[in-house]
Every structure is written in C-alpha cells, then in structure tokens.
Amino acid sequence: MRNLLVTGGAGFIGSNFVHHVLAHTDMRVTVLDKLTYAGNRASLVDLPQDRFTFVEGDIANADTVDAVMSTADAVVHYAAESHNDNSLHDPAPFLQTNIVGTYTLLEAARRYSTRFHHVSTDEVYGDLPLEGGERFTEATPYNPSSPYSSTKAGSDMLVRAWVRSFGVQATISNCSNNYGPYQHVEKFIPRQITNIIDGQRPKIYGQGQNIRDWIHADDHSSAVLTILSKGVIGQTYLIGADGELGNRDVVERILAHMGQPDDAFDLVTDRAGHDLRYAIDPSKLRNELDWRPAFGDFDRGLEQTIEWYRANEAWWRPQKAAAEARYAAQGR
Ligand code: NAD
Ligand code: TDX
C-alpha cells in the first residue's frame, strides 16, 4: 500500500493517525475532510509535504469521493459526526454523514476495488451494568442507545453488507474512548482541562458514576495500522487497552495533576439515555494480530495530555467559547 486516503483526518483521532502513519511508515497520505466545527486544519501542520495532501470536501459528495478514491490503494474511514450530546439535539447531520457518507465511500471503494478500513466505536454494543466484569467482544449483539451510536451501528452494517454482497475488501474496528492531543474541547477530558485553565470548575454529568474504557489515540492508531496490514477481510476487531475508570475518578485525577482540590467540580444535569459502562475485551486483536498498546499508564498519558493543552492554547482557544455556549444552552 503506497497511497492512503484518510477521511476525517482533520479531526481528533484522524489527525493523530495521520501523524502516526507519516512518522512510522513511508506511505503517502491524502486527507479528505469537510472541516466541520470539529475539523481543524491546525492539527495537520509540520507534515512532510511530499507525502501529504489535504482535500477539503464532503464524504457524502459522490464526485468529490470519486476523485480521491481513484488514486488510493486503501481508505481508512474516520469522518463522522462524533458527539453524543450534539446528536441528542440535532440528529440530522449524523444520519447524513455517518450513514449517507459511509454509503458514498463504500460505493466508490467498490468501483475502484479499494481496500477499506471502517473506524467505529464500542458504543454500537450499548452499555454494560456498572457492577460486574462483563466486557464487549466481537460477538456482543448490537444495541446502540443514542442517535450517534445508532448511526455508527448502521454504518457498520453497511460495511458488512458491502463485503458480503459486493466483495468489498473491508475490515471494521470498534474502539473504546480515546484521549490525547488534538481532541475537541467539547469532549469530556479536554473540556475539564481547559475549564481548569480558564479558572472554571469541571462539569460532571449526573453523579459521575459512569465508566469509560480509556485508550490513548496513538495506541488506537497503531491498532488500525495493524488491522490494515494484517487484518482478515470481512472481520471486526475490538480495540481497547484495559483502561476502565469512572468519570469522577478521571476528574479527580485531572484536578490533582493541575494542583486543584479533589472536590473542585460541579455535578450537572445528566445526559439523556446516558450509557452506564463501556468495557472492551481486546483478546482477538492481541492474540490473532499480536497488537499491544504502548501507553500502559493512564496517569502518564493524562499528564502529557494536560501539558499538551497547556502548551497549545492557540489550537483550542478559538473553539472554547462556542462549545461552552452550546453546553450552557443545555444546562451543563
Ligand atoms: P471528530 O469529531 O474529532 O472528527 C471528525 C472529523 O470528520 C472532523 O475533522 C470533521 O471535519 C470530519 N467530518 C465530519 N463530517 C464530514 C463529512 N461529511 N465529510 C468529510 N469530513 C467530515 O471525531 P473523532 O473523535 O476523531 O472520531 C473519529 C472517528 O472515530 C469517528 O468515526 C468516531 O465514531 C470514531 N471513534 C471515536 C472514538 C472517540 O473516543 N473519540 C472512539 C471510537 C471510535
Ligand atoms: O462535560 C462533560 N461531563 C461529563 O460527565 C462531558 C462532555 C462528558 N461527561 C461524561 C459523559 C460520558 O460518560 O463523560 C463521559 C465521556 O463523554 P464524551 O467525551 O462525550 O464521550 P462518550 O459519550 O463516551 O463518547 C466518546 O467515546 C466513544 C466519543 O465522543 C465517541 O465519538 C466515541 O464513539
């Protein structure tokens, strides 16, 4: 594979993946990104210009997609509307991008016989009880809760159907919650870090008991690259790094790293339909493809992430007021 097309490469995980691929392989990367409120061209600076091309465009536009797919050996599909809270207030762009956009890409991949990797989420499986050690596996039935996760589930189903019906050479991965640099300030960890930098208190939904399974975005990137090179066509791989933590615990760790008292947070109105717990069993990826995460220590990764937000205020500052205004309108 020489030429890689990365959709959504100006977003959080996509931009981390582009940096990872350009640093660790000799592939050429073309990013297709619409630069929605979540896309940031500033996440893709200082890259080797002879191996990197940026195309601004919509994955749901068949002509745009055709032009970039025709020269790609493989596509890694990250582009999506990605925020649960936004999907509860306006589901329409989630259907358009996550469903129609994925369909448009699959049709082009079918035309050009392009290797396709679809990036999805553990949220397609719904949630687990707070108590007990059960974890999601590739065999867990789909049971999405939100407009966001239901459109991601729909997009996964489209990929499976295009593999079976049309022989598209696709794999799927479902990953747990990512953290790291370049994450939009609307998301949980960057919101709390930047609140504290601004002298505001972190905001925890409900009682903060909900559990998420955290993985560093760079580990997500290495896993996707592994699946792209060694994954079996038609297969799904769950990506996780044994990073389960309660939301309140995460906020207390951020407060401690930033020199604040551990109770300096506010409990705010809960999210409608809030999933209780996510947890990934990554055995298939580890045993069949021999992948291992590099960030074993969440606290070290969290500290580096806090330092990144401190050092890169110019990157996040332009989005902060608008993100907080959206939350204020929701009482959060
Ligand atoms: P993000 O919101 O930070 O980035 C999404 C990117 O897609 C943005 O650059 C945006 O401009 C672009 N985009 C949106 N609509 C587009 C369109 N119609 N055409 C072209 N580009 C468009 O999202 P993220 O957190 O980086 O997530 C990336 C992918 O990873 C998503 O598919 C998401 O479902 C999946 N995922 C995310 C997580 C997580 O923890 N954030 C976990 C598992 C899976
Ligand atoms: O201010 C907040 N306070 C709070 O308690 C925010 C923004 C969130 N939360 C809670 C809600 C969740 O339990 O923190 C947890 C994480 O919230 P988000 O960052 O919104 O992530 P989540 O809803 O878990 O979804 C994320 O992981 C799976 C990504 O946004 C998805 O794209 C991915 O599929």
Side-chain angles (χ1 to χ4, degrees), residues 6-17 31-41 43-44 55-61 64-65 76-88 93-94 96-98 100-102 104-105 118-124 127 144-146 148-149 151-152 155-156 173-180 182-192 195 202-215 217 220 224 238-240 245-248 250-251 265-271 273-278 280 323-324 326-327 330 332:
V6 179
T7 72
F12 164 44
I13 308 178
S15 62
N16 274 279
F17 180 73
V31 164
L32 173 62
D33 197 294
K34 191 180 173 184
L35 295 180
T36 67
Y37 81 97
N40 195 336
R41 193 64 182 79
S43 306
L44 295 170
V55 177
E56 184 174 342
D58 190 336
I59 57 163
N61 182 313
T64 305
V65 166
V76 182
H77 173 33
Y78 288 95
E81 285 293 335
S82 70
H83 194 34
N84 276 302
D85 290 329
N86 293 344
S87 81
L88 294 164
F94 290 75
Q96 177 63 18
T97 288
N98 301 359
V100 178
T102 301
T104 308
L105 288 163
H118 180 61
V119 176
S120 192
T121 168
D122 59 0
E123 295 190 21
V124 299
D127 61 354
S145 312
S146 73
Y148 162 68
S149 52
T151 58
K152 290 299 291 187
S155 69
D156 294 7
S173 55
N174 298 81
C175 188
S176 62
N177 283 63
N178 285 221
Y179 73 100
Y182 303 110
Q183 187 169 27
H184 195 281
V185 289
E186 72 187 353
K187 300 297 195 318
F188 179 54
I189 288 179
R191 184 184 186 202
Q192 316 309 352
N195 270 10
K203 310 286 182 201
I204 299 182
Y205 295 175
Q207 296 300 311
Q209 290 174 313
N210 307 63
I211 293 170
R212 296 295 181 264
D213 189 355
W214 294 98
I215 181 173
H220 188 180
V224 167
L238 262 55
I239 305 174
L245 286 171
N247 289 344
R248 197 167 167 148
V250 172
V251 166
F265 58 79
D266 294 330
L267 298 177
V268 297
T269 318
D270 208 352
R271 174 184 285 172
H274 196 174
D275 280 341
L276 292 173
R277 171 173 163 255
Y278 305 138
I280 291 268
E324 286 306 315
R326 282 197 294 275
Y327 281 125
Q330 299 166 18
R332 299 194 183 97

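All residue numbers refer to positions in the sequence shown, counting from 1. Predicted, not measured: the structure shown is a model, and the values here were computed from it. Both ligands and their constituent atoms are indexed starting at 1 by order of listing. The figures that follow rest on heavy atoms only: side chains count, while hydrogens, waters and symmetry mates do not.
Ligand 2 has a nitrogen or oxygen under 3.5 angstrom from a nitrogen or oxygen of T121. At a 3.5 angstrom cut-off on N or O pairs, G11 counts as close to ligand 1. The shortest N/O to N/O separation between Q183 and ligand 1 does not fall below 3.5 Å. Of the polar atoms of W214, none of the N or O atoms is found under 3.5 Å from an N or O of ligand 2, judged by distance alone. Between N84 and ligand 2, a contact under 3.5 Å exists for at least one N or O pair. Distances between N or O atoms of N177 and those of ligand 2 include at least one value under 3.5 Å. For a threshold of 3.5 Å applied to N or O pairs, the pair formed by N247 and ligand 2 contains at least one separation below that value.
Interface of I204 with ligand 2, defined as ligand atoms under 4.0 Å from a residue heavy atom, comprises 5 (O). Ligand 2 places these atoms under 4.0 Å from at least one heavy atom of Q192: 1 (O), 2 (C), 3 (N).
Heavy atoms of K152 stay at 4.0 angstrom or farther from ligand 2.
Here the shortest heavy-atom distance to atom 23 (O) of ligand 2, taken over R271, R191, H83, belongs to R271. Considering F265, Y327, F188, Y278 only, the shortest heavy-atom separation from atom 8 (C) of ligand 2 involves F188. With Y78, Y182, Y148 as candidates, the residue nearest to atom 34 (O) of ligand 1 on a non-hydrogen basis is Y148. Of the listed options I13, D58, N40, I13 places a heavy atom closest to atom 39 (C) of ligand 1.
For the salt bridge (Lys or Arg N to Asp or Glu O under 4.0 Å) criterion with E186, the lone passing option out of R191, R326, K203, R332 is R326.
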